[in-house]
Amino acid sequence: MRRPFRAWLACVLLLPGCGMLESPAPVAAQPGAACKALAGLEGDGTPVGFELNVLIDRSASMRNEESGEVRDWYLAIFGGRGTAQEDGSVKFGSEASALISSLPTPAVVRVGAFDGGRRVEWQAAPVHLPRMSGGARNRKDFAGNVGACLKHLVDKAATSPAVAEGTNVMAAFQTGRAETKAARRTLVVATDGLSTTGCADLRATAMRDLAHVERIVKACAAQRALPDLRGWTVLLPWVGSVGGGRPEPQEPHLVWLRELWRRLCSKAAGAAEHCVVDSEEPPRFQGEAARAAEGAEDPEITFANVERRPNAIFVEKLSSDVLFATDSDRVSAEGVTLLKRFADEVMPKAPEWLEVIGHTDDQGDASYNEDLSARRAEAVRRVLTEAGLSGVRVRGMGEIQLECAGRTAEDRKCNRRVEIRYKVRG
């Protein structure tokens, strides 16, 4: 989102007729007390019109690698302290400086943290904001408490320790469940979208071939990993914005990343216009006062040279002695478990093609060995297909491509194998 879009978002999606505010003053002290004060308020029965979910990626790649400092996500999302407005809304910052510059009341806000695990850690119960009313002093205190409480929750999410390595953006998407019957709902996900786990695993992806984006989207859909975000506006403004001291993506990588998350978000939300994905300048670091607790590390993400195509063919070698009994082409129970685990690992990479090649040792008749290796390759293909991989090719090589040249028992065991070759590009 560029700056003009921020103004449109604040005025059209959140608060019609909103105005401008000068540079925000410091946020109020005692933020924990501010949340308690809001929890004790009762509404007047006015239906909630707006829901906001704010999810902060607390994975290691979002933090300064050396110091552990975290970025000022509250300032980037809200802009400053809460200020009461005549129309009953709470203003935080100007449309040019904040993502969510104002909240109408009544509203419900939830703040959570996520990493590579399957669940979001909510920082508190949903914050229910009743319709703001009363005298000037009460309105001022209410708005100040809203800003202080939200800053407390966002900072708490950002500095909490990562429990699992990586970033599970789909877990953040899964939080798009309606708390009320509000007509307007917005999900903000503060993430770099890089060290992802789950169906959009980018660890073996070159991030250059846009056709690979479509393969990943199809793989996620096939695994039923895309949540239902219909009715939500989803904002991912900081895709590719890694923490300090880490390798940074180049512009071609950012183009690829934005397209990936636009497509995944659009698929979940039901329409492209409900998703806004950008690579904005990340917010500033908060300094020594806001250092993250030490937690799980992230898998290393390397960015391929944009001028050179990588060798993207991978080979997995599995022992036939584990997969099959002697002279059998029926996959053992242990082999089925092993192949399904392999399928779970490779599906998120959305391979362009996958081939199973059977090999035997040099004992026995050559034509029999060729037939046995082909039947074993076909048996492996069936298991992989049942596990969710499609378009798997097979070949039986028999004994003509020995891995180990000797004729000892260990050499022959080495040669009895199944190789699974697959190609990943993107």
Query raised in the report: Between Glu378 and Arg382, is the closest basic N to carboxylate O distance under 4.0 Å?
Result: yes
Query raised in the report: Which distance, rounded to the nearest 0.5 Å, do you find between the OG of Ser373 and the CD1 of Ile400?
Result: 8.5 Å
Query raised in the report: To the nearest 0.5 Å, what is the distance between CD (Glu399) and OG (Ser367)?
Result: 9.5 Å
Report task. Please report the shortest heavy-atom distance between Cys35 and Leu153, naming the atom on each side. Result -> SG-CG, 4.2 Å
Query - Set of side-chain hydrogen bond (donor to acceptor under 3.5 Å, both in side chains) partners for Glu370, sequence neighbours left out - result: none
Report task. List the atom of Asn168, the atom of Phe114, and the distance in Å for their closest heavy-atom pair. Result -> O-CD1, 3.6 Å
Query - Non-hydrogen atoms of Ser101 and Gly93 that approach each other most closely - result: CB-O, 3.2 Å
Requested in this report: Please report the C-alpha distance between Trp353 and Ile313 in whole Å, then the side-chain angles of each, then the deciding distance to 0.1 Å, and finally whether the side-chain contact (heavy atoms from CB on, under 4.5 Å) criterion is met.
Outcome: CA-CA 10 Å; Trp353 53 260; Ile313 297 176; 4.1 Å; yes
**Report entry** Glu66 atom CD: more than 12 heavy-atom contacts under 6.0 Å
**Finding:** no
Report task. Evaluate the side-chain contact (heavy atoms from CB on, under 4.5 Å) criterion for residues Val315 and Ile420: first the C-alpha distance (whole Å), next the side-chain angles of each, then the deciding distance (0.1 Å), finally the verdict. Result -> CA-CA 6 Å; Val315 180; Ile420 306 176; over 6 Å; no
Query raised in the report: Are the charged groups of Glu355 and Lys423 less than 4.0 angstrom apart, N to O?
Result: no
Requested in this report: Determine whether the aromatic ring centres of Trp261 and Trp256 lie less than 6.0 Å apart.
Outcome: no
Requested in this report: State, with a plain yes or no, whether a side-chain heavy atom of Glu403 is found less than 4.5 Å away from one of Lys317.
Outcome: yes
Query - Heavy-atom check, side chain of Leu235 versus side chain of Val189, under 4.5 Å - result: no
Requested in this report: Using modelled atom types only, decide if a donor and an acceptor are shared between the side chain of Asn415 and the backbone of Asp411 within a distance under 3.5 Å.
Outcome: yes
Query - Straight-line distance of Asp362 CG to Arg407 CZ, nearest 0.5 Å - result: 5.0 Å
Query - Considering all heavy atoms, the nearest Ala157-Val111 contact - result: CB-CG1, 4.4 Å
Query raised in the report: Any side-chain heavy-atom pair from Asp371 and Arg376 closer than 4.5 angstrom?
Result: no
Report summary line: Note: Ala164 and Gly117 closest approach over all heavy atoms is CB-N, 3.5 Å
Report task. Kindly indicate, with the supporting measurements, whether the criterion side-chain contact (heavy atoms from CB on, under 4.5 Å) is fulfilled by Val331 and Phe324. Result -> CA-CA 5 Å; Val331 182; Phe324 305 98; 3.7 Å; yes
Requested in this report: Answer yes when Arg375 and Asp329 have at least one side-chain N-carboxylate O distance shorter than 4.0 Å, and no when they do not.
Outcome: yes
Under 3.5 Å, which donor-acceptor pairs link side chains of residues 337-348 to any protein atom two or more places apart or in another chain?
unit_1	atom_1	unit_2	atom_2	d
Thr337	OG1	Ala333	O	3.2

Query - Chi angles and distances behind the side chain to side chain donor-acceptor pair (under 3.5 Å) call for Ser59, Thr167 - result: CA-CA 6 Å; Ser59 63; Thr167 299; 3.0 Å; yes
Query raised in the report: Is Thr191 reaching over with its side chain to a backbone N or O of Gly193, donor-acceptor style, under 3.5 angstrom?
Result: yes
Requested in this report: Could you tell me whether the side chain of Arg185 and the main chain of Ala182 form a donor-acceptor pair under 3.5 Å?
Outcome: yes
Query raised in the report: Just wondering, do Met170 and Cys199 contact through their side chains at under 4.5 Å, heavy atoms?
Result: yes
**Report entry** Residue Arg230 excluded, over 12 heavy atoms near CZ under 6.0 Å
**Finding:** no
Query raised in the report: Hey, are Glu69 and Arg63 close enough for a salt bridge, meaning a charged N less than 4.0 Å from a carboxylate O?
Result: no
Report task. Please answer whether the main-chain N or O of Ala325 pairs with a side-chain N or O of Ser328 as donor and acceptor at a distance below 3.5 Å. Result -> no
Requested in this report: Please test Ser61 against Asp192 for side chain to side chain donor-acceptor pair (under 3.5 Å), starting from the C-alpha separation and ending with a verdict.
Outcome: CA-CA 8 Å; Ser61 66; Asp192 57 23; 2.7 Å; yes
Query raised in the report: Between atom CG of Leu318 and atom NE2 of His359, what is the distance when rounded to the nearest 0.5 Å?
Result: 11.0 Å
**Report entry** Flag side-chain contact, heavy atom, 4.5 Å: Ile357 against Arg421
**Finding:** yes
**Report entry** Side-chain touch Arg395/Met397, heavy atoms, less than 4.5 angstrom
**Finding:** yes
Got a list of side-chain donor-acceptor pairs under 3.5 Å for residues 46-54, not counting sequence neighbours?
unit_1	atom_1	unit_2	atom_2	d
Thr46	OG1	Asp44	OD1	2.7
Thr46	OG1	Asp44	OD2	3.4
Glu51	OE1	Glu179	N	3.0
Glu51	OE2	Glu179	N	2.9
Glu51	OE2	Thr180	N	2.5
Glu51	OE2	Thr180	OG1	2.8
Asn53	OD1	Arg110	NE	3.2
Asn53	ND2	Thr175	O	3.0

**Report entry** Ionic contact status for Asp209 with Arg215, cut-off 4.0 Å
**Finding:** yes
**Report entry** SG-CG distance between Cys404 and Asp361, expressed to the nearest 0.5 angstrom
**Finding:** 11.0 Å
Requested in this report: Report the C-alpha separation of Glu251 and Val255 in whole Å, then their side-chain angles, then the decisive distance to 0.1 Å, and conclude whether the side-chain contact (heavy atoms from CB on, under 4.5 Å) test is met.
Outcome: CA-CA 6 Å; Glu251 184 57 29; Val255 170; 3.6 Å; yes
Query raised in the report: Just checking, is any N or O donor in the side chain of Arg58 or Ser160 under 3.5 Å from an acceptor N or O on the other one?
Result: yes
**Report entry** Considering all heavy atoms, the nearest Leu99-Pro237 contact
**Finding:** CD2-CG, 3.8 Å
Query raised in the report: Under 3.5 Å, side chain of His253 to main-chain N/O of Gln250, donor-acceptor pair present?
Result: yes
Query raised in the report: Side chains of Leu264 and Leu226: does their closest heavy-atom pair fall under 4.5 Å?
Result: yes
Query raised in the report: Is the shortest distance from a Lys or Arg side-chain nitrogen in Arg417 or Glu419 to a carboxylate oxygen in the other one below 4.0 Å?
Result: yes
Report summary line: The residue among His212, Glu214, Lys218 that forms side-chain contact (heavy atoms from CB on, under 4.5 Å) with Ile216 is His212
Report summary line: In this structure, CG of Leu202 is separated from CG of Leu257 (nearest 0.5 Å) by 6.5 Å
Requested in this report: Compare all side-chain heavy atoms of Arg71 with those of Met62 and state whether any distance is below 4.5 angstrom.
Outcome: no
Query raised in the report: Between Asp321 and Ser319, do the side chains contain an N or O donor and an N or O acceptor separated by less than 3.5 Å?
Result: no
Query raised in the report: Would you say Gln363 has more than 12 foreign heavy atoms packed within less than 6.0 Å of its CD?
Result: yes
